[in-house]
Number of protein chains: 2
Amino acid sequence: MNNHLKDNSTESIDSKETLRRLPLFSELSIEDLRKVTSFSRVKKFQKNDFLFHQGDFYTGFYILLKGTIKVYKVSSDGKEAVVHIIKPLNSFADIPLFEGTDYPVTAKCLEESLVLCISKEGFLELIYENPEISLRMLAGFAKRLKAMVNQVEDLTSKEIPNRLAKYILKEIKTAGTEKLAEPFVKLSVPKTTIAAYLGTITETLSRSLKKLQDEGVIRVNGKSIFVNDIKRLKDLAK
Amino acid sequence: MNNHLKDNSTESIDSKETLRRLPLFSELSIEDLRKVTSFSRVKKFQKNDFLFHQGDFYTGFYILLKGTIKVYKVSSDGKEAVVHIIKPLNSFADIPLFEGTDYPVTAKCLEESLVLCISKEGFLELIYENPEISLRMLAGFAKRLKAMVNQVEDLTSKEIPNRLAKYILKEIKTAGTEKLAEPFVKLSVPKTTIAAYLGTITETLSRSLKKLQDEGVIRVNGKSIFVNDIKRLKDLAK
DNA sequence: TAACAAACCTGACTTAAGTCAAGGAAATTA
DNA sequence: TAATTTCCTTGACTTAAGTCAGGTTTGTTA
């Protein structure tokens, strides 16, 4: 269960180039970048590894370099509410930096993943000395707040096929196939996880996918989704 | 409709004391406080006045000094999704400061309200010169992100009576009557708004209130809610 | 490659919550 | 105070989504 300490190797940071590519650190001087390397580590995790559990003592936050991470809460009755599906270059578990709490969520790898682990103390020191980082961080938080506001709006006012349409559309966009004659995505996460992210269960997701398919909007083949009628899909999503 | 410019008077800031009481500005020097007064205004709004509409050109953010504000989104089919119910000392519409967008939501007064309006340009200048403000702002954003994560969890995994229980509990806490033999609140917002905030409709809210009452958990009298069994209520909320 | 376990799908059924319609209470305005 | 509007409640009904149970497919591991 508590396998977030075994089974993952610490790799030395491949120079400061990795850091430079991250929006958060892109403007730092060489010295500051060196500082960052002193309190951060790149770690590799295997599929199904836990990075941390809800309630663990807070030690720092993460930036995903490669792979996919599921961030979720487990309620008292054992149900998983998926809060975020993290993709590369996004940070997570950075809220407790400023809240002084334990990890409020659980993070689990959905595939082999590479993450940058950044220690709380080191980072807070850095941020006090480099205010421009806090501005970047503010921008990042603002973006996420906006996304969360949208998520709340969707959850309160949209039915599941509509939320699904929106999800597929977003996936198509990040896959970069939006402009093709037949846009498509290969889902990188199990449908159970997508269901929990959309606030439903697999059965309902399965039926919603079928519904969209029957209506000629999409075509589903295992983990691949092909969009036949993107206009219709956009209409459902809004 | 567009009455956010008429009908509200601009009042001169009652010295710097108002600002000092706000967490965001509490550590500023006298000179900086004077600066803040130069690009901010206290305004009074009447019940049902709009502060801004979704899509309006962004000019700045707000801190509520007195009253209650409903922050919501209107979807294409005309439904209102209430995103926040703002209480005094909380700021709102600060996300677009860092996102460069128009107002993404609409803000409407639920009662006569006093707000501090802070201009985007002035504030951004100030924040560049006073990094400690950005740290306070980060703390504020972190707190809200955490609240939004909770909100998403509730919306995805809890039924309406449970969400309602949680809402009542929060209201009891802010009312400060939690420790009394019979904790109570007087709801400061119409039930329609509470319903939209909980992701449902008035009818269902009405029935959920009745259900909690029939189970002996609460007693409802118009806008007042009395808690008979706070243990039970807490249990429902978690 | 066989064997096992996840993940996924489908059908029959139940239930929570939404819709529609009507009437009553409360608050606002005349 | 009466009149009007907004807010709230209740009942009968519909529908979306959840539950339960079975079976299939897919993917892992031995």
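So you know, we letter chains A, B, ... as the sequences are listed, proteins then strands, and number each from 1.
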B:Ile160 side, atom CD1; B:Leu155 side, atom CG - distance, nearest 0.5 Å: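 Here the rounded value is 9.5 Å.
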
Could you walk me through whether B:Ser224 and B:Asn221 pass the side-chain hydrogen bond (donor to acceptor under 3.5 Å, both in side chains) check? CA-CA 5 Å; B:Ser224 297; B:Asn221 188 331; over 6 Å; no

I'd like to know whether NZ of B:Lys223 has more than 12 heavy-atom contacts from other residues, nucleotides or ligands below 6.0 angstrom.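 Atom NZ in B:Lys223 is packed in, count exceeds 12.
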
Distance check needed: [N] [atom2] versus [X] [atom1], whole Å only.
X: B:Glu112; N: C:dT28; atom1: CD; atom2: C1'; value: 16 Å
X: B:Leu212; N: D:dT9; atom1: CG; atom2: P; value: 13 Å
X: A:Glu159; N: D:dG18; atom1: CD; atom2: P; value: 11 Å
X: B:Leu187; N: D:dC8; atom1: CG; atom2: C1'; value: 12 Å
X: A:Lys108; N: C:dA6; atom1: NZ; atom2: C1'; value: 11 Å
X: A:Leu155; N: C:dG18; atom1: CG; atom2: P; value: 13 Å
X: B:Lys158; N: D:dG18; atom1: NZ; atom2: C1'; value: 17 Å
X: B:Leu209; N: D:dC7; atom1: CG; atom2: C1'; value: 14 Å

Nearest to the [X] side chain among [options], which nucleotide is it?
X: A:Ile160; options: D:dG18, C:dG18, C:dC8; answer: D:dG18
X: A:Glu203; options: D:dT10, D:dT19, D:dA17; answer: D:dT19
X: A:Lys210; options: C:dG11, C:dA17, D:dA17; answer: C:dG11

Specify whether B:Tyr103 and B:Tyr62 have parallel, tilted or perpendicular ring planes, treating 30° as the upper limit for parallel and 60° as the lower limit for perpendicular.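 Taking B:Tyr62 first and then B:Tyr103, their aromatic rings sit tilted (interplane angle of 30° to 60°).
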
Categorize [X] for me: base, sugar-phosphate, or nothing, with a 4.0 angstrom heavy-atom threshold over every strand shown.
X: B:Leu205; answer: nothing
X: A:Lys79; answer: sugar-phosphate
X: B:Lys211; answer: nothing

Residue-phosphate contact under 4.0 Å: B:Thr204 side-chain N/O, C:dA17 OP1/OP2: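 No, because none of the side-chain N or O atoms of B:Thr204 sits under 4.0 Å from OP1 or OP2 of C:dA17.
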
Report yes if at least one side-chain N or O of A:Lys223 is closer than 4.0 Å to OP1 or OP2 of D:dT26; otherwise report no.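 For A:Lys223, the contact criterion (side-chain N or O under 4.0 Å from OP1 or OP2 of D:dT26) is not met.
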
side-chain hydrogen bond (donor to acceptor under 3.5 Å, both in side chains), that's the test. Do B:Lys73 and A:Ser157 meet it? Break it down for me. CA-CA 10 Å; B:Lys73 284 202 156 204; A:Ser157 63; over 6 Å; no

I want to check a possible cation-pi pair here: B:Lys170 against B:Tyr167, using under 6.0 Å from ring centre and within 45° of the ring axis as the test.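 No; the conditions do not both hold, so B:Lys170 does not lie above the ring face of B:Tyr167.
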
Examine the side chains of A:Lys158 and B:Ser75 and answer whether a donor and an acceptor come within less than 3.5 Å of each other.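 Judged by distance alone, the side chains do not pair up.
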
Give the residues of residues 190-201 of chain A touching DNA chain D, defined as any heavy atom closer than 4.0 Å, sorted by residue number.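 Nucleic-acid contacts, sorted: A:Gly199, A:Thr200, A:Ile201.
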
